[in-house]
Amino acid sequence: MTIRRLGLTRDQLAKFLVEHEQIRQFELLFSTVDEIQTTGLDAVTLDAGAALAGVNKLAGVVAQLAQDGAIEASNALAIAQAAERALNAVSELAMVGATLPPTPTLKRKGLGTFSSNVDQVALLPNVAYPVTFDTVDVERGVWRDSVNTSRIYVADGAFYNFQFSAQLDNTTPNARIMWIWPRISGVDVPDSASQVRIQGNDAELAAAWNWVLELKPGDYFELMYAVDNVSVRMQHFPAAGVVPEIPSVILTVTNDI
């Protein structure tokens, strides 16, 4: 016999189930008890411990509820029979040591967008510098540190896509080089740097690419750069005519990948 409805209210269930989780698992148990015997153990998704605790308390209470007129005798008998089958099924799962699959945890979709409206200029050649961000557009599970504005933190452990664009400029007639790479929590990411050579004075170009990196909760990302001469920099340009302002750097961070 398949019992689709308990015929009991939650107030009645609360007389022998002391915790809300037991009530929820007990209801789930009866809706799936007939499926336990026909499906594989991997398909069982109820909490066996909470359900078993409720079933063990049920036998004596069903008879009392029937006697009090809270439920019909025929329904009480059906519930008792289902409880017996449920107890046997849950006990069998416990005896074989079945590991019930955990309830999946939904991860948040992290999103952060940041930019800089100041020039990023190295003080010395061949020294690593972090890019700083003075503008925050979006922070959802990804945020910029309020003190060290080069540090972009993440709330969840996941693979993140870091995508940037930088407006590079050279203020001398000679060709100059800039190197750009990612750093995670103070450690340079191996095999991650790129080199850009800028030819001549005012030879602006935009550098843009991305990295997919795994971060743990609380890790932070930094966009690093170095130059062979301080004449090459990430340049900010103000709005002019129909052209909007040009940030020196734009960074977008997502984990929806």
Side-chain angles (χ1 to χ4, degrees), residues 110-155 160-213 215 218-255 257:
L111 173 63
T113 58
F114 315 92
S115 61
S116 175
N117 289 321
V118 297
D119 297 342
Q120 307 280 331
V121 182
L123 298 178
L124 296 170
N126 301 308
V127 175
Y129 292 95
V131 173
T132 59
F133 300 94
D134 64 349
T135 302
V136 174
D137 296 311
V138 178
E139 289 183 328
R140 297 176 185 170
V142 179
W143 68 94
R144 184 205 65 181
D145 188 88
S146 60
V147 177
N148 296 308
T149 59
S150 66
R151 296 183 178 182
I152 306 300
Y153 283 85
V154 300
Y160 288 82
N161 182 37
F162 295 88
Q163 186 163 352
F164 82 95
S165 64
Q167 178 64 64
L168 307 187
D169 194 14
N170 182 4
T171 61
T172 65
N174 298 322
R176 302 300 183 189
I177 296 174
M178 176 178 287
W179 298 273
I180 303 173
W181 69 95
R183 178 177 287 180
I184 297 178
S185 297
V187 179
D188 294 334
V189 176
D191 304 316
S192 63
S194 293
Q195 173 179 296
V196 181
R197 186 183 301 271
I198 305 177
Q199 301 288 343
N201 190 34
D202 294 329
E204 296 92 353
L205 62 84
W209 54 87
N210 74 297
W211 302 275
V212 175
L213 304 172
L215 276 71
D219 276 347
Y220 64 88
F221 168 92
E222 288 181 293
L223 182 63
M224 306 299 298
Y225 74 100
V227 296
D228 69 340
N229 188 284
V230 296
S231 63
V232 62
R233 75 274 312 275
M234 300 180 186
Q235 185 76 42
H236 156 262
F237 292 94
V242 298
V243 180
E245 189 172 20
I246 301 174
S248 57
V249 186
I250 299 173
L251 176 66
T252 301
V253 184
T254 64
N255 73 341
I257 56 176

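Starting from 1, each residue takes its place in the sequence as its number.
With sequence neighbours excluded, the residues that form a salt bridge (charged side-chain N to carboxylate O under 4.0 Å, His left out) with Asp188 are Arg183.
Considering every non-hydrogen atom in both Phe133 and Val131, the closest pair reads CE1-O, 3.7 Å. Closest of all the heavy-atom pairs between Val232 and Ile177 is CG1-O, 3.7 Å. Ser194 and Trp209 get closest at one heavy-atom pair: CB-CZ2, 3.3 Å. The nearest pair of heavy atoms linking Asn126 to Asp228 is OD1-CA, 4.1 Å. Contact record, Gln167 with Pro247: CB-O, 3.9 Å, taken as the closest heavy-atom pair. The shortest heavy-atom contact between Pro182 and Leu213 is CB-CD1, 3.9 Å.
Two rings, from Trp179 and Tyr225, have their centers 6.0 Å or more apart. Ring centers of Trp143 and Tyr220: at least 6.0 Å apart, outside the cut-off.
Contacts classified as salt bridge (charged side-chain N to carboxylate O under 4.0 Å, His left out) and involving residues 127-141 (residues at least two apart or in different chains) are not found.
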Asn148 vs Ser150, side-chain hydrogen bond (donor to acceptor under 3.5 Å, both in side chains): CA-CA, chis, key distance, verdict = CA-CA 5 Å; Asn148 296 308; Ser150 66; over 6 Å; no
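In this structure, Leu111 and Val253 have side chains that are not in contact, with every pair of non-hydrogen atoms separated by 4.5 Å or more.
Here CD of Glu222 is found 10.5 Å from OG1 of Thr132. Values are rounded to the nearest 0.5 Å.
Using bins of under 30°, 30° to 60° and over 60° for the plane-to-plane angle, the ring pair Phe162/Phe221 lands in the parallel bin.
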